[in-house]
Every structure is written in C-alpha cells, then in structure tokens.
Amino acid sequence: MYGEMACVLLFSRLLPFSHRLRGTSVCLLSLFLSYLCYCALFPDSAVVQKSGNPPSSCQRADGAKRRLQKSLSCLPDASFADATQLKTDQRRASTLHVAGNNTPVPPMVNLKFGNKKLPNAIIVGVKKGGTRAVLEFIRIHPDVRAAGTETHFFDRNYDRGLEWYRGLMPRTLESQITMEKTPSYFVTKETPRRISTMSQDTKLIVVVRDPVTRAISDYTQTLSKTPDLPSFQELAFRNQSLGLVDMSWNAIRIGLYALHLENWLRYFPLAQIHFVSGERLITDPAGELARVQDFLGLKRIVTDKHFYFNRTKGFPCLKKPESSGSPRCLGKSKGRTHVQIDRDAIEQLRDFYRPYNVKFYEMVGHDFKWE
C-alpha cells in the first residue's frame, strides 16, 4: 500500500516538468519512474526467494520417487557432496518399480541375481525311490532352482534355525520356484510339523517305489560301503522260517508308506502332496515329469525330447545340452546291479507289504501295482 502511494506522489511531482523534455528524455524518465515504482511495489524479499525456502514447484513434489526426481535447482544451498548424493539417489530411483499401491520392490539390480528364499517345494522321500532323478530332471526347467545337496534341515539340523536353512538355498528370481530334496524327511516323525510351521503352503513331492525292490536297493547301497554287512535275510527277518519280518530295520520300515503318510496328513492336505512312481520314472520319465510340472504350476517345458534311455545303466539320462559335450546321467551309485536275494524271501516280503500297499493305494487314490 505504501509503495502505491509513493508512486502516485512521485508521478504527481515530476509530471508537470515533462513538457520541457524532449521525446527521448521523456522515454528515459518514464522507464526510470517505472523502475522506481516496481521496486517500491515488489521489494527484494518478494522477488528473490530466500535460500531456506525451495521454489513452489519443488514443494508440490510428493512421494519418495518424485522427491528423488527434483532437479538440483530445488537445492540452491546444497553442497557438491549433496548434489552428488542426489544424482546417485536419482539413478537408484530409476531402477525402482513402483507397484499399484506405491509400494516399491527391491531394485532391479538385485532382482537380476535373485534372492535366497525358503523352498516353495520339497522332495521329502523316499530313499532309493528315485528322488535324485526327479530333482535333476525338474531342475532343467528354467523356472526351478534347487539346492544341490541334501540339507537334512528338518531332521538333523533344525536347531540351526530357518535363516541357516535359507542360506543353503540358491538365489532365485521372484517368478522361480526354490526346491530341495532330503529323502529321509518322509520317515522322520517331527518333519511334517516342522515344515508346516515354516509354511503350510509348501508343496511336497514323494517318490515311491515297490517297497521290496526299494529295500533290496537300499541294502545294495549299504553293502557297497560296508562289505562285512550281514546278509539281507538276516537283517530283514526276525525268523524267516515263520515269516516274521523285522520292522525295526530301516530298509524295511521305510517301505511302510501308509503309516508314514498318516503322520503327514495330520499337517498337510492330500492335495498338497504329489506322488511320483519310481517305476514309471524309468519307463516314462517325460510323463512323470509332466505331472510334476503340473503339480508345481509350471509350464510343461521338460518333455520327452530331453531324455534318452541308457541301456548300460538301465536308466533314463538327459540328452546332451547345447552347452555341454556329453549327456547328463546320474552317478555310479544310481542304477547299480542289485544283490541276488532268495526268491522265497522276496515272496515273504511281498506278503508282508501287501496290506500296507493296499491301504496306501486307498489313501492316495492310485494303484501302483506293486506285485
């Protein structure tokens, strides 16, 4: 208001003298008077913004991402270090993916290499059923990453904690499935409860095989490591003449699938457990892997074009990948020749397992035809 009064007074005093001046002088005088009035009406404090207040265009920016995108002119007093940090933040901001709810996910530079996650699926059994084959076959799928060795977390190392367990997992992208396999889980009483405590959504895969054949395979493997092992019959029977089987021997106990499954069904629904036939895994690996992929919610990428039958091992192998000079077969411990067992002992074991097998067929809704 005082500025306006000053302008009026100034013009009223000088205007009477303007007729004595030439045209050029009048123009200069008008410009000078206009400048004085402008300064009176708009002092410096209103024209030049104080250093402590950012421009209004900066103040309108909201949200973490928009603040990082402000230009350096929004920070007139920033030091060189501050400006450098801001540029770094801007580069980081460009790597953020902001979801629909404005929740940022980790930078893409981390997503490129993935993160270690607790497994989405676990092959929990059974020993000498074909678990290694299933793991090696399914892990060629681009959306599957698996721990290479058996972790034995839920049966031997549970006291180490979930973060130790997570550390054993491979890095996976958000779209990939993390897996591990430890065949002894299926017969360990505490394992179902422990896995369900970790996640009730964990998918479980059980590779089953004729329990008599499985027991012989188990014995054959142990014998290769312990040559002075008693005979199969001595370990399998408490009294063979009476047909009394020793259920305490681990090789026999593992084949009681129905009893072990009852324990798992206390913690997981049957729909969350997929059973792979160890026999069909040999005769039709592509068919069994197709069902595994369906169970895991994966596209059927692993097909019959990936397999060939190795007549020497009597087992399917993966065909030579383009990046390798040789096909991928399982190790020497897989497909080894079984020791010869007396035919009468085999028949006695079949009689012993028959009621357990029938119950298992009924529980899972599938006849594996182990006769």
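Heavy-atom basis, side chains included; hydrogens, waters and symmetry copies ignored.
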Quiz prompt | Residues forming a side chain to side chain donor-acceptor pair (under 3.5 Å) with Asp294, sequence neighbours excluded | solution = Arg300

Practice problem: For Glu180, check salt bridge (Lys or Arg N to Asp or Glu O under 4.0 Å) against everything at least two apart and list the hits. | Solution: none

Quiz prompt | Qualifying ring pair (Phe, Tyr, Trp, His ring centres under 6.0 Å) pairs with a residue from residues 189-218, counting only residues at least two apart or across chains | solution = none

Quiz item: Which residue pairs satisfy the ring pair (Phe, Tyr, Trp, His ring centres under 6.0 Å) criterion with at least one member in residues 225-248, sequence neighbours excluded?
Solution: Tyr219-Phe232, Phe232-Trp249

Quiz item: Which salt bridge (charged side-chain N to carboxylate O under 4.0 Å, His left out) pairs, counting each pair once, include a residue from residues 184-202, with sequence neighbours left out?
Solution: none

Self-check item: Validation row: Gln240, Gln348 side chains within 4.5 angstrom (heavy atoms)
Solution: yes

Quiz prompt | ring pair (Phe, Tyr, Trp, His ring centres under 6.0 Å) partners of Phe153, counting only residues at least two apart | solution = Tyr158, Tyr165

Quiz item: Sequence neighbours excluded, which residues qualify as side chain to side chain donor-acceptor pair (under 3.5 Å) partners of Ser231?
Solution: Glu234

Self-check item: Residues which pass ring pair (Phe, Tyr, Trp, His ring centres under 6.0 Å) with Trp370, listed by chain and number, not counting sequence neighbours
Solution: Tyr257, Tyr361, Phe368

Quiz item: With sequence neighbours left out, which residue pairs that include part of residues 250-272 fulfil the salt bridge (charged side-chain N to carboxylate O under 4.0 Å, His left out) condition?
Solution: Glu262-Lys359

Quiz prompt | Any residue meeting side-chain contact (heavy atoms from CB on, under 4.5 Å) with Ile195, in chain and number order, not counting sequence neighbours | solution = Ile122, Val124, Phe154, Thr191, Met198, Thr202, Leu204, Trp264, Phe268

Exercise. May I ask you to check whether Asp155 and His152 show a side-chain donor-acceptor distance below 3.5 Å?
Key: yes

Quiz item: What pairs with Phe307 under ring pair (Phe, Tyr, Trp, His ring centres under 6.0 Å), at least two apart in sequence or on another chain?
Solution: Phe137

Quiz item: Looking at residues at least two apart in the chain, or sitting in another chain, which of them share a side-chain contact (heavy atoms from CB on, under 4.5 Å) with Thr178?
Solution: Lys117, Pro119, Asn120, Met169, Pro170, Thr172

